[in-house]
Amino acid sequence: MSKFYITTAIDYVNDTIHLGHAFQKIATDVLARYYRISLGKDNVFFLTGTDEYGQKAEKAAKQQNIATNEFVKKISDSDQKEQDSLNISYDRFIRTTDSDHAEVVKEIWNKVEKNGDVYSGEYEGSYCEGCEAYYTKEDLINKKCPIHPTLTIKIIKEKNYFFKWSKYKDFLINYIRNNQDFIFPTHRAKEMLEFAKNIKDIPISRSNFTWGIPVPNDPKQVIYVWFDALVNYLTGVGFLKDKKLFNKFWPADVHILGKDNLRWHALLWPAMLKSANIELPKTILVNGFLNINGQKISKSVGNVIRPSEWVKKYGADAVRYYLLRYTNITEDSDISEEKLLQAYNADLANGLGNLVSRVAKLCENSNYVQMGSEERTSSHLIDIEEYSSAFASFKFNDALSFIWGNITELDKLINEEKPWELAKQNSPKLRTILAHAVDQIQEIAVLLEPFLPKTAEKIEEQFRGPKITSQKPLFPRI
RNA sequence: GCCAACGUAGCUCAGCGGUAGAGCAAUCGUUUCAUAAGCGAUCGAUCACAGGUUCGAAUCCUGUCGUUGGUACCA
């Protein structure tokens with residue numbers, strides 16, 4: 001692999017992102033930072049952003065009596081602030097309302113249409129005016145909407161443009177079967193294969209609201225949000241604007257997304273790309289959801305926490321650490337502030353922070369001078385098998401366990417060699433032990449870079465030499 | 001209802017056919033360079049439950065229960 005293009009899901013702007021979204025952003029950021037080290041900074045592109053069109057956004061804006069474009073900007077800005085608080089190192093924060101995006105969406109629409117995959121049709125469905133949404137017959141209870149049982153369900157016909165999704169049924173099934181790496185974890189691929197068997201054409205335009213990108217040559221219709229949103233992955237790397245950038249980075253190496261929108265990424269997106277004659281992304285990584293204290297994160301439960309709230313209390317690196325160390329990215333995980341605190345004290349304060357303190361103080365007390373502190377060749381260190389294989393299979397918790405194993409080992413070694421006694425005896429062995437300890441600390445710092453960028457930087461600075469001095473604790477005990 | 005994943009010590013997870021593992025928490029001991037930190041030891045699991053296959057099953061098969069996801073136009 002010579003380049004790495006990774007994307008997060010773009011978050012829908014009906015509300016600011018919470019810790020659940022942060023989980024995905026942090027994982028993506030760790031991968032981006034890891035590949036920047038191993039492939040070089042210029043060979044990685046990291047895209048994230050906000051998904052802003054659609055009826056829900058329009059409705060939410062109306063409720064708050066704000067112009068829709070102002071409303072979505074407000075949420076998008078606060079999403080970006082949340083990501084920044086976590087030190088997410090995106091190369092572009094895309095908004096689907098960005099002007100270059102609309103151009104790309106229209107271009108894709110035209111390509112798909114030219115390929116004969118767009119046709120005008122009529123969508124007929126059971127419509128609830130309370131929800132402003134269609135229901136399938138199975139969803140209805142006694143032929144009534146489950147949320148508005150007093151209203152009558154109307155059979156509404158809407159003229160729409162349809163995408164010939166069904167045309168790509170066999171292609172999709174074969175593609176998923178023949179490319180085992182396409183959907184990760186693999187049991188999600190099975191889910192998609194089941195669904196693909198019954199794939200039908202879908203309407204990709206709407207006429208009952210206006211907040212969207214207009215259909216080319218038919219301004220009465222707007223493009224369906226998913227058709228618009230997925231295309232952001234092309235816009236983000238300069239599909240029309242910057243051919244050089246696009247050719248370098250496309251196809252995407254990893255799309256990371258929540259399990260709730262897998263279908264669109266695993267089935268609709270590849271069909272759209274195939275129709276437009278554009279190469280398909282390599283891997284779709286499905287992340288699980290976070291629960292807090294065993295409960296779903298939701299407004300109605302009242303347990304929504306913004307990432308920045310935890311960052312304020314514990315620091316970005318602590319939140320990043322906790323969220324990836326005690327979870328499994330592909331599965332649902334349960335988190336709590338109490339467990340975060342436990343991890344903070346046990347691993348960051350007592351483990352990493354204390355080790356850094358004790359080695360620094362030992363160096364300071366013995367007037368240790370770091371000789372020939374040449375730049376660490378980070379990319380070499382990152383080739384450590386146990387570490388890199390964890391990244392290859394997206395096992396962030398394993399990579400972190402490996403680093404903490406190194407921390408424990410160094411602590412043990414210091415206990416055994418007792419450098420403070422060697423200092424009293426003026427033993428020549430002291431220098432050797434300290435040199436080894438400093439070397440190990442530097443290695444640990446490199447391995448930490450993707451996960452705890454700020455902390456790694458502080459450690460690298462502190463141990464660069466020639467003189468190494470004791471500094472304020474990295475993670476004061478709480 | 002149907003399809004699928006998951007269910008291993010209080011917690012987070014590893015093991016996926018050959019005498020139950022790690023880290024955290026708890027308890028005890030020990031060191032003093034360090035953030036009342038470190039290190040060692042102990043405690044702690046009929047591997048969801050019930051059958052089956054096998055010389056042997058946490059590991060394969062069947063069923064039951066529980067959790068979660070999907071079951072199309074919802075971001």
Side-chain angles (χ1 to χ4, degrees), chain A residues 9-15 50-57 123 125 131 133-136 138-139 158 160 162-163 165 185-195 197-204 206 224-226 229 257-264 267-268 286 288-289 291 294 296 325-328 330-336 338-339 342-343 345-366 395 397-398 400-401 404-405 407-408 410-424 434 437 470 472-478:
Chain A
I10 51 173
D11 298 299
Y12 198 72
V13 289
N14 53 353
D15 198 8
T50 43
D51 179 11
E52 306 185 11
Y53 285 121
Q55 191 175 21
K56 269 198 179 179
Y123 179 73
C131 302
Y134 287 101
Y135 282 95
T136 59
E138 291 74 27
D139 289 331
E158 190 183 344
N160 288 129
F162 281 70
F163 171 61
W165 202 3
T186 44
H187 73 257
R188 298 285 176 193
K190 281 188 205 164
E191 213 172 280
M192 288 305 105
L193 283 171
E194 276 306 304
F195 183 85
K197 284 181 194 162
N198 301 309
I199 236 163
K200 289 176 210 156
D201 297 349
I202 49 159
I204 50 167
R206 297 287 187 274
Y224 173 51
V225 278
W226 269 115
L257 45 113
K259 59 184 183 180
D260 54 337
N261 47 40
L262 171 61
R263 181 192 314 151
W264 309 111
L267 299 173
L268 179 61
V286 185
F289 288 160
N291 295 320
K296 275 188 183 177
R325 176 67 181 84
Y326 294 100
T327 56
N328 181 339
T330 58
E331 306 301 322
D332 288 1
S333 299
D334 189 39
I335 61 164
S336 71
E338 197 188 332
K339 286 189 210 154
Q342 212 171 72
N345 282 328
D347 302 342
L348 297 175
N350 297 352
L352 175 63
N354 181 62
L355 176 66
V356 165
S357 289
R358 74 192 295 209
V359 173
K361 196 61 181 250
L362 283 167
C363 290
E364 186 179 292
N365 289 351
S366 355
K395 293 195 167 174
N397 47 0
D398 282 358
L400 286 166
S401 297
W404 258 258
I407 289 171
T408 298
L410 185 52
D411 262 328
K412 280 182 194 172
L413 185 105
I414 293 170
N415 274 26
E416 281 165 19
E417 299 293 346
K418 301 181 174 45
W420 56 92
E421 281 183 11
L422 298 175
K424 282 177 200 160
L434 290 182
S470 168
K472 268 193 282 178
L474 291 170
F475 299 97
R477 263 187 83 90
I478 299 175

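Each chain gets a letter, A, B and so on, in the order its sequence line appears, and its residues count up from 1.
- By the stacking rule of 5.5 Å between ring centres and under 30° between planes, A:W420 stacks on the base of B:rC33.
- Look at A:E191 and A:R188 and you find a salt bridge, because one of the NZ, NE, NH1 or NH2 atoms lies within 4.0 Å of a carboxylate O, short of that distance.
- Going from atom CZ of A:R477 over to atom C1' of B:rC24 covers 13 Å, rounded to whole Å.
- Between the side chains of A:D334 and A:S336, not a single donor N or O lies within less than 3.5 Å of an accepting N or O.
- Using a 4.5 Å cut-off on side-chain heavy atoms (C-beta onward), A:L268 and A:I202 make contact.
- As rounded to the nearest Å, B:rG66 and B:rG56 have C1' atoms that lie 30 Å from one another.
- Among the heavy atoms of the strands lying under 4.0 Å from A:G353 is at least one base atom, whether or not backbone atoms are also near.
- If you check every strand for non-hydrogen atoms under 4.0 Å, A:L262 touches nothing.
- Between the C1' atoms of B:rU67 and B:rU30, the separation comes to 44 Å (whole Å).
- Counting only N and O atoms by type, the side chains of A:Y12 and A:N261 include no donor and acceptor under 3.5 Å apart.
- Using a distance-only test at 3.5 Å, with no hydrogens or angles considered, a donor-acceptor pair links the side chain of A:N397 to the main chain of A:T327.
- Taking the side chain of A:E421 as heavy atoms from C-beta on, and the options B:rA34, B:rU32, B:rA4, the nearest nucleotide is B:rU32.
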Strictly under 3.5 Å: I want the nitrogen or oxygen pairs between protein and nucleotides 68-70 of chain B, one per line.
unit_1 : atom_1 : unit_2 : atom_2 : d
B:rU68 : O2'    : A:K259 : NZ     : 3.0
B:rU68 : O2'    : A:D332 : OD2    : 3.2
B:rG69 : OP1    : A:K296 : NZ     : 3.1
B:rG69 : O2'    : A:R188 : NH1    : 3.4
B:rG70 : O3'    : A:R263 : NH2    : 2.9

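- When the C1' atom is used for both B:rG44 and B:rG38, the distance is 24 Å, rounded to whole Å.
- Residues A:N354 and A:F475 have side chains not in contact (no heavy-atom distance under 4.5 Å, counting atoms from C-beta outward).
- Comparing the C1' positions of B:rA41 and B:rC49 gives a spacing of 36 Å, expressed to the nearest Å.
- With a 4.5 Å cut-off on side-chain heavy atoms, A:F289 and A:D260 count as touching.
- The shortest distance between side-chain heavy atoms of A:I414 and A:L355 falls below 4.5 Å.
- If you check every strand for non-hydrogen atoms under 4.0 Å, A:I204 touches nothing.
- Only the C1' atoms considered, B:rA26 is 36 Å distant from B:rU64, to the nearest whole Å.
- Heavy-atom nearest nucleotides on RNA chain B were determined for A:K424 and for A:Y224, and the one closer to the 5' end corresponds to A:K424.
- Using a 4.5 Å cut-off on side-chain heavy atoms (C-beta onward), A:D411 and A:R358 make contact.
- Atom-to-atom, CZ of A:R325 to P of B:rA22 comes out at 15 Å; the value is rounded to the nearest Å.
- Residue contacts shown for A:K418 are absent, as no nucleic acid heavy atom lies under 4.0 Å away.
- One P atom belongs to B:rC47, the other to B:rA9, and the distance between them is 10 Å to the nearest Å.
- Side-chain contact check for A:L400 versus A:Y326: every heavy-atom pair is 4.5 Å or farther apart.
- The separation between A:W404 atom CH2 and B:rC24 atom P is 13 Å, rounded to whole Å.
- Side-chain contact of A:E52 with A:T50: a donor-acceptor pair under 3.5 Å is present, judged by distance alone.
- A:P419 comes within 4.0 angstrom of no nucleic acid atom, judged by non-hydrogen atoms across all strands.
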Under 3.5 Å, which N/O atoms of the protein pair with N/O atoms of nucleotides 38-40 of chain B?
unit_1 : atom_1 : unit_2 : atom_2 : d
B:rG38 : O2'    : A:R358 : NH1    : 3.0
B:rG38 : O2'    : A:N415 : OD1    : 3.3
B:rG38 : N2     : A:N415 : ND2    : 3.3
B:rG38 : N3     : A:N415 : ND2    : 3.3
B:rC39 : O4'    : A:N415 : ND2    : 2.5
B:rG40 : OP1    : A:K412 : NZ     : 3.2

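- The CG atom of A:L434 sits 10 Å away from the C1' atom of B:rC33 (whole-angstrom rounding).
- In this structure, the side chain of A:D51 does not engage the main chain of A:D11 through any donor-acceptor pair within 3.5 Å.
- B:rC43 and B:rA36: their P atoms are spaced 30 Å apart (whole Å).
- For A:P473, the side-chain atoms get nearest to B:rU35 when compared with the rest of B:rU32, B:rU35, B:rC24.
- At whole-Å resolution of the value, CD1 in A:I335 and C1' in B:rC13 are 17 Å apart.
- Atom P of nucleotide B:rU35 and atom CG of A:N345 are separated by 15 Å, given to the nearest angstrom.
- In this structure, the side chains of A:N345 and A:I478 come closer than 4.5 Å at one or more pairs of heavy atoms.
- A:Y224 and A:W264 have perpendicular rings, their planes meeting at more than 60° on a 0 to 90° scale where under 30° would count as parallel.
- Secondary structure note: stems in RNA chain B built from 3 or more consecutive Watson-Crick or G-U wobble pairs under 3.5 Å occupy B:1-7 with B:65-71, B:10-13 with B:21-24, B:26-30 with B:38-42, B:48-52 with B:60-64.
- The interatomic distance linking A:E194 (CD) with B:rA5 (P) rounds to 11 Å, in whole Å.
- Both A:D398 and A:E331 lie close to RNA chain B; mapped to their nearest nucleotides by heavy-atom distance, the more 5′-ward contact belongs to A:E331.
- Residue A:N328 places its side chain closer to B:rA14 than to any other of B:rC33, B:rU35, B:rA14.
- Considering only the side chain of A:L474, B:rU35 comes nearest among B:rC73, B:rA4, B:rU35.
- Separation of the C1' atoms belonging to B:rU32 and B:rA37 is 10 Å when rounded to the nearest angstrom.
- Nucleotide B:rA37 holds its C1' atom 13 Å from the CG atom of A:D347, rounded to whole Å.
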